[in-house]
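Worksheet: the structure to be examined is printed underneath.
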Amino acid sequence: NILFKRLKIRQTNVNVSAIADSIKCAVDNFKKNKPINFRRDLDDVIPNICKSLQQTLNSDKFECLVKWYFERIGASYVEIPSKNPVDKQGYEDIDVEATFDILKTTYYIQVKHHEGKTAEWAAKQVAEKKRIHEKTDMADGYSRIYWALTSAENFTEECKKIAQENNIQLVTGPEFASMLLDAGLANVNDAFSI
């Protein structure tokens, strides 16, 4: 930043010895054809976002944050469905449902507030919901996308296997932190106001 300011000086000679390290870094990046990538540099905050997801939120608040995220990226309608609906058939479970009318797409998201790794139960719950949907005539013209999203660092191998077999997208805590960063965090506290 200081280097850029000094380069704006229109004098013939400028003393830049005080910013020699910045100049060396700029020359090295130029030689490596490594342009400025501000977004990549912001990835350094992702561990802090993940830590906050773990330490600040509980399961319910994490679901609210996922709901807020989908609202933030333009979903037409987002809801946190009832935990025990009267039409529940088994162990299927979806924590957030987000519909994008303009895309004719609905996302069904199982949200897990975990640390470490999330086990196969998350993928099994979503797979069961998908199976029920496939048995039901849902001729509304909407595509359905199924996710298991966790605050944890990763999913177990068994969970990954079940997700792959059932075409379920897995989203880890660091991936979700990056998604939040991309969507913008302005007014994020609105996610928790009722």
Side-chain angles (χ1 to χ4, degrees), residues 37-40 42-43 45-46 49-50 53 57 59-114 118 120-152 154-155 159-194:
N37 187 334
F38 187 67
R39 177 59 180 91
R40 182 190 62 230
L42 286 178
D43 285 344
V45 303
I46 289 176
I49 295 172
C50 291
L53 292 176
L57 305 179
S59 296
D60 292 336
K61 296 291 184 188
F62 190 48
E63 288 176 12
C64 290
L65 182 61
V66 173
K67 178 181 184 280
W68 176 87
Y69 167 78
F70 277 95
E71 291 169 343
R72 176 84 175 176
I73 64 168
S76 308
Y77 175 76
V78 186
E79 74 168 327
I80 296 175
S82 169
K83 298 297 177 200
N84 293 304
V86 291
D87 60 345
K88 189 166 182 158
Q89 297 178 22
Y91 58 85
E92 78 277 3
D93 188 27
I94 295 300
D95 295 312
V96 177
E97 186 176 321
T99 300
F100 294 82
D101 288 332
I102 197 163
L103 300 173
K104 290 194 156 292
T105 303
T106 301
Y107 286 77
Y108 297 92
I109 305 105
Q110 172 56 235
V111 179
K112 296 293 186 188
H113 188 258
H114 290 166
T118 293
E120 65 273 7
W121 185 242
K124 285 181 178 180
Q125 289 178 296
V126 179
E128 182 65 8
K129 183 69 167 184
K130 183 177 180 186
R131 186 189 66 75
I132 290 168
H133 278 167
E134 289 171 349
K135 284 183 6 183
T136 309
D137 180 25
M138 299 181 79
D140 58 5
Y142 279 68
S143 297
R144 285 165 177 70
I145 298 175
Y146 299 87
W147 281 15
L149 185 152
T150 184
S151 59
N154 214 331
F155 293 88
C159 188
K160 291 176 184 178
K161 180 181 173 200
I162 293 168
Q164 185 174 14
E165 291 169 353
N166 292 282
N167 197 25
I168 296 166
Q169 178 69 43
L170 299 178
V171 180
T172 65
E175 290 169 332
F176 184 60
S178 181
M179 292 162 58
L180 285 169
L181 197 55
D182 288 340
L185 296 173
N187 303 319
V188 70
N189 288 338
D190 292 351
F192 314 112
S193 59
I194 296 181

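What you see below is based on every heavy atom in this structure, not just the backbone, and it leaves out hydrogens, waters and symmetry mates.
- Among residues two or more places apart in sequence or in another chain, the ring-ring contact (aromatic ring centres under 6.0 Å, His included) test is passed with H113 by F62.
- Residues forming a salt bridge (charged side-chain N to carboxylate O under 4.0 Å, His left out) with K104 (at least two apart in sequence, or on another chain): none.
- Checked options Y146, W147, F70; the residue passing with Y108 is Y146 (criterion: ring-ring contact (aromatic ring centres under 6.0 Å, His included)).
- Distance CE/M179 to CG/L149: 6.5 Å, rounded to 0.5 Å.
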Item checked: Worked check of side chain to side chain contact (heavy atoms under 4.5 Å, CB included) between L65 and L180 -> CA-CA 9 Å; L65 182 61; L180 285 169; 3.9 Å; yes
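- R144 CZ to E97 CD: the interatomic distance, rounded to the nearest 0.5 Å, is 8.5 Å.
- D95 places no side-chain N or O within 3.5 Å of a backbone atom of E63 that could act as its donor or acceptor partner.
- With respect to K83 and D93, no salt bridge is recorded, no charged nitrogen being found less than 4.0 Å from a carboxylate O.
- Closest approach of A148 and F155 over heavy atoms only: O-CZ, 3.4 Å.
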Next item on the list: Would you please test E71 and K67 for salt bridge (charged side-chain N to carboxylate O under 4.0 Å, His left out) and show each step?
Entry: CA-CA 6 Å; E71 291 169 343; K67 178 181 184 280; 2.7 Å; yes
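- Relative orientation of the Y107 and F100 rings is perpendicular, given thresholds of 30° and 60° on the angle between their planes.
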Check: Between S76 and I102, does a side chain to side chain contact (heavy atoms under 4.5 Å, CB included) hold up when you go through it step by step?
Finding: CA-CA 8 Å; S76 308; I102 197 163; 5.8 Å; no
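- I94 CD1 to T106 OG1: the interatomic distance, rounded to the nearest 0.5 Å, is 11.5 Å.
- Using a 4.5 Å cut-off on side-chain heavy atoms (C-beta onward), V126 and N166 make no contact.
- The line from CG of L103 to OH of Y142 is 9.5 Å long, rounded to the nearest 0.5 Å.
- Shown here for A186 and W68, the closest heavy-atom pair between the two residues is O-CZ2, 3.5 Å.
- Summarising the local packing, CD of Q164 is surrounded by 12 or fewer heavy atoms from other residues, nucleotides or ligands at distances under 6.0 Å.
- Between N167 and K130, the shortest heavy-atom distance links the atoms CB-NZ, 3.4 Å.
- Summarising the geometry of I73 relative to A183, their closest heavy-atom pair is CG2-CB, 3.9 Å, with the distance given to 0.1 Å.
- For A98 against V78, the heavy-atom pair with the smallest separation is CB-CG2, 4.1 Å.
- Aromatic ring orientation, Y69 versus F176: perpendicular (interplanar angle above 60°, classes split at 30° and 60°).
- Separation of atoms OG (S151) and NE2 (H114) is listed at 7.5 Å; rounding is to 0.5 Å.
- Residues passing the salt bridge (charged side-chain N to carboxylate O under 4.0 Å, His left out) test with E128, sequence neighbours excluded: R131.
- Atom CD1 of residue I168 and atom CD of residue Q125 lie 10.5 Å apart, to the nearest 0.5 angstrom.
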Check: side chain to side chain contact (heavy atoms under 4.5 Å, CB included) between R72 and V188: does it pass, once the steps are laid out?
Finding: CA-CA 9 Å; R72 176 84 175 176; V188 70; over 6 Å; no
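- Residues E175 and L170 share a closest heavy-atom pair of OE1-O, 3.6 Å.
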